[in-house]
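Here's the structure, in structure tokens; my notes come after.
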2 protein chains.
Amino acid sequence: MLAAGISIADEDGLDALTMRRLGEALGIEAMSVYTHIANKEDLLNGMVDAVFAEIELPSHSDDWRTALRKRSVSFRQMLTRHPWAVSLKDSGTNPGPATLRHHDRVLGTLRNAGFSLPLTAHAFAALDSYIYGFAMQEKTLPFTTEEETAAMAQIMLARLAMADYPYLAELTAKHVLQPGYNFGHEFDFGLDLLLDGLERASAAQAGT
Amino acid sequence: MLAAGISIADEDGLDALTMRRLGEALGIEAMSVYTHIANKEDLLNGMVDAVFAEIELPSHSDDWRTALRKRSVSFRQMLTRHPWAVSLKDSGTNPGPATLRHHDRVLGTLRNAGFSLPLTAHAFAALDSYIYGFAMQEKTLPFTTEEETAAMAQIMLARLAMADYPYLAELTAKHVLQPGYNFGHEFDFGLDLLLDGLERASAAQAGT
DNA sequence: ACCTGAACACCGTTCAAGT
DNA sequence: ACCTGAACACCGTTCAAGT
């Protein structure tokens, strides 16, 4: 049921996930779906919680930084596999058990590493904002492979009117169009910036 | 036209913005809207660009950090005023002139401060990911005022089954429920973390 | 050039009816 | 308990028709 919904959303996008299509995928006559779920919102909530369960939980045996780095990378990978989860997060769902468990483990990792409650709240908000925001930007991009990127950048560059947007033109021509460019690589930079900052804040707090 | 659409989305949400409702707001007979716009996607693109124009551009007279801090705060304020803009960003629009101008000025601020092209790309991706992600989290929260926060936290705490999610329960009881808590305040912490990191990265680069 | 009204192909959801 | 089919109140959009 949830798995069928997830498959449709993965393959053809959230718009393709209609109750009629879901019924079809289940070999069921469309409106019978309501025997199993209360309504569509219910279904979407369940799907979000299901993919949250795919995220690697922070390990107890790693130090906090390693543990949170791994789960953050895993979190982003999940959102890349299931881009629709980014859109759903934003339409205010209430969290299911896998989501709560995930959050609890992240908080626990910080608390056990000696983070104060306020600093734990800061760290949690900063990391998850960054991860969601990055996934959203990535999802918006009209390309994924390097070939597509190059093709798209060429088009944008032509349309860009260099005189009006000189810095955008420069970045596109001299950076985005260079071989090996991949927006996804930007993820690590910002993540490490945040982790560096948290490490520093944690050390400052310990010294008080 | 755009203004009418923005008003409706601001007041009653993106779902309330139907072509029929927009026609009504314009004193026009619904389907006549198509005389002015090609289709709904067109309208939404225009609305996003219109609110982008509300963001304070980085000032030429400030140093890069001050300039980008101001525009980042202004960016978030815009997304708080127009939460629907977060949802629309995520459905892959192609940027209008105000958006391009904004991006160009941010890039220019970094380049003129001596940031290399790769570091400029890093900084841009990190800041905008964080701002969008934060706005998305804020938008998802089912409360805004402190009274609503307290009421909601009480309910969640009761439902939370302390034993299953001890750290979530702790954070809710001893931090979120404390007087003066406001999720919006978390924004500055993460923003400064990123700006600190960028300052350090910029200095390291200059020393090479 | 701008507006109108009826229509079309879709949605999510309800409900009486069947097994 | 599970499924069905017809129906309802909505969408965005098209199109022939008016001014």
Side-chain angles (χ1 to χ4, degrees), chain A residues 1-51 82-96 99 139-140 142, chain B residues 1-51 82-96 99 139-140 142:
Chain A
M1 169 94 250
L2 291 181
I6 291 171
S7 289
I8 295 171
D10 282 353
E11 281 154 35
D12 296 324
L14 206 52
D15 286 345
L17 178 58
T18 67
M19 299 307 263
R20 286 162 177 86
R21 169 90 184 266
L22 180 62
E24 193 186 330
L26 291 167
I28 236 177
E29 204 60 32
M31 312 324 178
S32 310
V33 179
Y34 286 93
T35 313
H36 306 93
I37 55 160
N39 50 37
K40 192 167 186 184
E41 201 187 320
D42 224 55
L43 170 72
L44 299 177
N45 278 333
M47 286 167 56
V48 169
D49 205 52
V51 295
H82 311 295
W84 48 268
V86 181
S87 323
L88 287 184
K89 159 73 182 174
D90 130 277
S91 47
T93 64
N94 59 340
T99 308
K139 171 171 141 62
T140 306
Chain B
M1 169 93 248
L2 291 180
I6 291 171
S7 288
I8 295 171
D10 282 353
E11 282 156 34
D12 296 324
L14 205 53
D15 287 345
L17 178 58
T18 67
M19 300 307 262
R20 285 160 178 88
R21 169 90 184 265
L22 180 62
E24 193 185 331
L26 292 168
I28 236 176
E29 204 62 30
M31 311 326 178
S32 311
V33 179
Y34 285 93
T35 313
H36 307 93
I37 55 161
N39 49 38
K40 190 166 187 184
E41 201 187 321
D42 224 53
L43 170 72
L44 299 177
N45 278 333
M47 285 169 54
V48 169
D49 206 50
V51 296
H82 310 295
W84 48 267
V86 181
S87 323
L88 287 184
K89 159 74 182 174
D90 130 277
S91 47
T93 66
N94 59 336
T99 307
K139 172 168 138 62
T140 306

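Chain letters run A, B, ... following the sequence lines, proteins first, then strands; residues in each count from 1. Keep in mind the model is a prediction, meaning the values are calculated, not measured.
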Answer yes or no: is there a donor N or O on one side and an acceptor on the other, between the side chain of A/Ser32 and the main chain of A/Ile28, under 3.5 Å? no
Minimum heavy-atom distance between A/Ala50 and A/Ile6, given as atom pair plus value: CB-CD1, 3.8 Å
Give me, pair by pair, the N or O atoms of the protein and of nucleotides 1-3 of chain D that are less than 3.5 Å apart, along with how far apart they are.
unit_1: D/dC3; atom_1: OP2; unit_2: A/His36; atom_2: NE2; d: 3.2

Pairing residues for B/Glu24 by the side-chain contact (heavy atoms from CB on, under 4.5 Å) criterion, not counting sequence neighbours: none
According to the side chain to side chain donor-acceptor pair (under 3.5 Å) rule, which pairs have a member within residues 12-22 of chain A, sequence neighbours left out? A/Asp12-A/Arg21
Please name all residues satisfying side chain to side chain donor-acceptor pair (under 3.5 Å) with B/Ser87, sequence neighbours left out, ordered by chain then number. A/Asp90, B/Lys139
Identify the two heavy atoms, one from B/Ala4 and one from B/Leu26, that lie closest to each other, and give their separation to 0.1 Å. CB-CD2, 3.8 Å
All heavy atoms of A/Thr140 vs all of B/Lys89, minimum pair found to be OG1-O, 3.3 Å
For DNA chain D, please output the secondary structure as dot-bracket, reading 5' to 3'. Pairs are Watson-Crick or G-U wobble, both atom distances under 3.5 Å; mark crossing pairs with [ ], other-strand partners with |, unpaired with a dot. ||.|||||...|||||.||
Mark up nucleotides 14-19 of chain D, 5' to 3', with B wherever a protein heavy atom is under 4.0 angstrom from a base atom, S wherever such an atom reaches only the sugar-phosphate, and - elsewhere. B-----
Determine whether B/Leu17 and B/Met47 satisfy the following criterion, side chain to side chain contact (heavy atoms under 4.5 Å, CB included), listing intermediate values before the conclusion. CA-CA 12 Å; B/Leu17 178 58; B/Met47 285 169 54; 3.7 Å; yes
Taking all atoms of both residues into account, what is the closest heavy-atom pair of B/Leu44 and B/Leu14, and its distance? CD2-CD1, 4.4 Å
Within residues 25-44 of chain B or reaching into it, pairs that qualify as salt bridge (charged side-chain N to carboxylate O under 4.0 Å, His left out) - sequence neighbours excluded: none
Between C1' on D/dT13 and CD1 on B/Ile37, what's the gap in Å once rounded to a whole number? 11 Å
Search all heavy atoms of B/Trp84 against all heavy atoms of B/Val51 and return the closest pair with its distance. CH2-CG1, 3.7 Å
Could you state the atom-to-atom distance from CG of B/Asp15 to P of C/dC11 in whole Å? 17 Å
Taking only heavy atoms on the protein side, list every residue of residues 16-23 of chain B lying under 4.0 Å from any atom of DNA chain C, sorted numerically. B/Arg20
Rounded off to whole Å, could you give me the CD1-to-P distance for the B/Ile8 and D/dC11 pair? 12 Å
Please answer whether the main-chain N or O of B/His82 pairs with a side-chain N or O of B/Asp10 as donor and acceptor at a distance below 3.5 Å. no
Closest heavy-atom pair and its distance - B/Asn39, B/Tyr34: CA-CE2, 4.0 Å
